[in-house]
Novice: 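Structure below; questions to follow.
Chain identifiers are assigned alphabetically (A, B, ...) following the order of the sequence lines, protein sequences preceding nucleic acid strands; residue numbering begins at 1 within each chain.
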Amino acid sequence: MDAPETRALHDAVLDWYDTHARELPWRGEAATPWSVMVSEFMLQQTPVVRVLPVHAAWLERWPAPADLAADTTGEAVRMWGRLGYPRRALRLHAAAVAIVERHDGEVPRSYDDLVALPGVGDYTASAVASFAFGQRHVVLDTNVRRVLVRAVSGRELPAPAVTRAERDVATALLPADEPTAATWAVATMELGALVCTARRPACDACPIATECRWRAAGFPAYDGPPRRGQAWDGTDRQCRGRIMALAREGDSVSADQVAAAWPATDQRERCLTGLVADGLLTQVTPGRWALPG
DNA sequence: TATCCGTGGGG
DNA sequence: TCCCCAAGGAT
């Protein structure tokens with residue numbers, strides 16, 4: 001569990017984090033569990049720099065789960081702005097409602113209670129339990145996965161989905177001490193975000209470069225199953241994005257506005273129907289839609 | 001398990 | 001320019 005070589009690895013990463021960690025609003029003493037949870041929702045597939053201003057505005061407006069729960073989903077979607085994947089705003093609102101109903105308005109501490117909330121999966125539950133409450137959990141995000149697959153397994157990039165072997169590695173490396181484990185989680189994540197990046201890793205600045213098996217092996221290129229990029233041009237996602245952008249701009253959107261923004265009739269209708277079904281829009285009158293009130 | 005779900009910046 | 005990808009989750 002804490003073999004000497006593992007201790008050395010821990011110390012190197014923890015020392016590096018101590019001097020190189022970014023000061024982020026959802027870290028430090030002032031950060032509330034709610035602030036941490038909001039950040040984790042926003043950071044799902046969205047870069048830190050884009051989250052910062054929205055996170056600040058969000059917490060100013062809704063300082064506690066009950067504040068958000070008392071407001072409309074439409075306002076949550078509007079405040080979400082252009083972070084992308086607006087269903088996350090819906091889920092965060094639903095999570096706030098559940099926190100009020102089931103946990104007396106306090107973000108729950110246990111992994112099981114957290115993972116039961118809307119929009120909270122294994123990663124987010126572990127992250128909140130670890131970052132907000134200092135607990136010992138394996139926190140496997142894309143950064144940690146990349147760091148571990150390189151340092152331990154000697155490969156450039158992890159497989160498309162988390163494997164059992166990966167989780168075993170992460171579990172074996174997790175420090176036994178609870179607060180140390182929590183710092184280890186955020187430190188390995190930070191290392192992946194700042195140094196052991198996907199494209200041009202800054203191995204010169206890496207605290208564990210001498211112990212990295214990928215580096216020792218001469219940086220062999222990724223040879224796993226093909227990583228399929230997601231199509232974008234002409235997709236429903238693009239169409240939905242256009243419609244939601246219009247809906248965010250004003251009080252409502254007309255059929256003519258939507259038609260001007262997306263000429264393909266069938267797809268436009270399908271996306272409007274889908275957005276309503278998802279709860280991202282409501283039809284206020286025939287041929288007019290708005291963010292849900 | 002594979003696919004769907006937004007948006008924008010950097011190499 | 002084009003392509004990749006950024007603290008995932010739900011189905």
Side-chain angles (χ1 to χ4, degrees), chain A residues 21-22 24-27 31 35-55 77 80-92 94-95 114-132 137-148 156-164 170 182 185-194 196-202 222 225-248 261-262 267 270-271 274-275 277-281:
Chain A
R22 291 169 291 182
L24 298 171
W26 45 87
R27 289 182 186 161
S35 170
V36 173
M37 172 170 281
V38 170
S39 80
E40 292 303 338
F41 269 78
M42 292 182 173
L43 288 164
Q44 292 168 1
Q45 303 286 281
T46 303
V48 168
V49 288
R50 225 172 298 164
V51 165
L52 285 169
V54 182
H55 181 267
V77 171
W80 195 257
R82 299 187 300 190
L83 288 182
Y85 292 147
R87 293 194 293 191
R88 289 181 294 164
L90 252 31
R91 292 174 185 151
L92 181 52
L114 286 164
V115 82
L117 296 171
V120 177
D122 171 71
Y123 162 75
T124 302
S126 303
V128 173
S130 181
F131 304 158
H137 292 277
V138 169
V139 181
L140 264 188
D141 81 318
T142 187
N143 290 301
V144 175
R145 294 184 64 208
R146 191 173 52 249
V147 168
L148 296 186
E156 181 185 18
L157 297 169
V162 177
T163 64
R164 174 59 190 271
V186 70
T188 48
M189 194 174 305
E190 190 79 336
L191 187 62
L194 297 182
C196 194
T197 53
R199 281 166 288 189
R200 290 168 39 109
Y222 176 76
R227 312 163 68 80
R228 308 190 52 153
Q230 295 176 334
W232 173 248
D233 205 53
T235 61
D236 283 8
R237 284 161 70 211
Q238 185 184 31
C239 177
R240 289 165 57 105
R242 291 272 178 82
I243 297 171
M244 289 305 296
L246 290 174
R248 264 185 260 114
W262 200 269
Q267 187 177 29
R270 179 174 69 245
C271 288
L275 289 169
D278 289 345
L280 285 164
L281 288 180

Novice: Taking atom CE of A:M244 and atom SG of A:C271, what is their separation to the nearest 0.5 Å?
Specialist: 12.0 Å
Novice: Considering only the P atoms, how many Å lie between C:dA7 and B:dC4, rounded to the nearest integer?
Specialist: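 Rounded to whole Å, the distance is 23 Å.
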Novice: Would you kindly give the CZ-to-C1' distance between A:R270 and B:dC4, to the nearest whole Å?
Specialist: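 Going from A:R270 (CZ) to B:dC4 (C1'), I get 12 Å.
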Novice: Tell me whether A:S35 contacts the main-chain N or O of A:W26 through its side chain, where contact means a donor paired with an acceptor under 3.5 Å.
Specialist: no
Novice: Tell whether A:T142 reaches the base of C:dG8 with its side chain through a donor-acceptor pair below 3.5 angstrom.
Specialist: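 It does not, because no donor-acceptor pair links the side chain of A:T142 to the base of C:dG8 below 3.5 Å.
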Novice: Expressed in angstrom and rounded to an integer, what is the separation of A:H137 atom NE2 from C:dA7 atom P?
Specialist: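 Taking NE2 of A:H137 and P of C:dA7, I get 21 Å after rounding.
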Novice: OP1 or OP2 of C:dG8 less than 4.0 angstrom from a side-chain nitrogen or oxygen of A:R88, does that happen here?
Specialist: no
Novice: Cation over ring, A:R227 on A:Y222, under 6.0 Å and within 45°?
Specialist: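 Output yes; distance and angle both within limits.
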Novice: Starting at the 5' end of DNA chain C, which residue's closest nucleotide do you reach first, A:R199 or A:G192?
Specialist: A:R199
Novice: Check every atom of C:dC5, C:dG9, C:dA7 against the side chain of A:L43 and return the nucleotide holding the closest atom.
Specialist: C:dA7
Novice: Which nucleotide in the list B:dC5, C:dA7, B:dG9 gets nearest to the side chain of A:R22?
Specialist: C:dA7
Novice: When the distance from CE of A:M42 to P of B:dT7 is rounded to whole Å, what number comes out?
Specialist: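 After rounding, the reported distance stands at 15 Å.
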Novice: Expressed in whole Å, how much space separates the C1' atoms belonging to B:dG6 and C:dA6?
Specialist: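 About 12 Å, rounded to a whole number of Å.
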Novice: Let me know the distance between CZ of A:R50 and P of C:dA6, rounded to the nearest Å.
Specialist: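 For the pair A:R50 CZ and C:dA6 P, the rounded distance is 12 Å.
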Novice: A:P25 and side chain to side chain contact (heavy atoms under 4.5 Å, CB included): which single residue from A:L52, A:V51, A:V38 fits?
Specialist: A:L52
Novice: Looking just at side-chain N and O atoms, do A:Q44 and A:Y123 make a donor-acceptor pair shorter than 3.5 Å?
Specialist: no
Novice: Report the nucleotide, chosen from C:dA7, B:dC5, B:dG11, that has the shortest atom-to-atom distance to any side-chain atom of A:R200.
Specialist: B:dG11
Novice: Classify A:S39 by what it touches in the nucleic acid, base, sugar-phosphate, or nothing, heavy-atom distance under 4.0 Å.
Specialist: nothing
Novice: For A:W80, which contact category applies under a 4.0 Å heavy-atom criterion: base, sugar-phosphate, or nothing?
Specialist: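 No contact.
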Novice: Tell me what A:A198 touches on the nucleic acid: a base, only sugar-phosphate, or nothing, going by heavy atoms under 4.0 Å.
Specialist: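 Counting heavy atoms under 4.0 Å across all strands, the contact made by A:A198 is with sugar-phosphate only.
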Novice: Any side-chain N or O of A:Q44 under 4.0 Å from OP1/OP2 of C:dA7?
Specialist: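 No, because none of the side-chain N or O atoms of A:Q44 sits under 4.0 Å from OP1 or OP2 of C:dA7.
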Novice: Under 4.0 angstrom, heavy atoms only, what part of the nucleic acid is A:V139 near: base, sugar-phosphate, or nothing?
Specialist: nothing
Novice: What is the minimum heavy-atom distance between A:A170 and A:V138, and which atoms define it?
Specialist: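 Closest approach of A:A170 to A:V138: CB-CG1, 3.7 Å.
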Novice: In whole angstroms, how far is the C1' atom of C:dA7 from the CZ atom of A:F41?
Specialist: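 A:F41 atom CZ is separated from C:dA7 atom C1' by 13 Å.
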Novice: Scan A:R145 against the nucleic acid and name what it touches under 4.0 Å (heavy atoms): base, sugar-phosphate only, or nothing.
Specialist: nothing
Novice: Rounding to a whole Å, what distance do you find between A:R164:CZ and B:dT1:P?
Specialist: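 Going from CZ in A:R164 over to P in B:dT1 covers 13 Å.
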Novice: When the nearest nucleotide of DNA chain C is assigned to A:D122 and to A:G229 on a heavy-atom basis, which residue is associated with the more 5' position?
Specialist: A:G229
Novice: Would you measure the distance from the C1' atom in B:dG10 across to the matching atom in C:dG8 and give it in whole Å?
Specialist: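 The answer is 22 Å between these two C1' atoms.
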Novice: C:dC4 C1' sits how many Å from A:Y222 OH, rounded?
Specialist: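 Rounding to the nearest Å, OH of A:Y222 and C1' of C:dC4 are 14 Å apart.
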Novice: Between C:dG9, B:dG6, C:dA7, which one does the side chain of A:R91 approach most closely?
Specialist: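 Output: C:dG9.
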Novice: So which one's nearest nucleotide on DNA chain B is more toward 5', A:P86 or A:V49?
Specialist: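 Mapping each residue to its closest nucleotide by heavy atoms, the 5'-most match is A:P86.
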Novice: Have a look at A:L24 and say if it touches a base, only the backbone sugar-phosphate, or nothing, with a 4.0 Å heavy-atom cut-off.
Specialist: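 Base, at least one base atom sits under 4.0 Å.
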Novice: Determine the Euclidean distance between corresponding C1' atoms of C:dT1 and B:dG8; express it in Å to zero decimal places.
Specialist: 16 Å
Novice: Return the minimal non-hydrogen interatomic distance between A:L280 and A:R240, and the atom names on each side.
Specialist: CD1-NH2, 3.8 Å
Novice: Starting from P on C:dA6, measure out to NE2 on A:H55 and report it in whole angstrom.
Specialist: 21 Å
Novice: For residues A:R88 and A:Q45, is any side-chain donor paired with an opposing acceptor at under 3.5 Å?
Specialist: no
Novice: For salt bridge (charged side-chain N to carboxylate O under 4.0 Å, His left out), just list the numbers for A:R27 and A:E190, CA-CA rounded to whole Å, side-chain angles, deciding distance to a tenth of an Å, and then say yes or no.
Specialist: CA-CA 12 Å; A:R27 289 182 186 161; A:E190 190 79 336; 2.8 Å; yes
Novice: Contacts to DNA chain B from residues 232-248 of chain A, heavy-atom cutoff under 4.0 Å, which residues?
Specialist: A:W232, A:D236, A:R237, A:R240, A:G241, A:R248
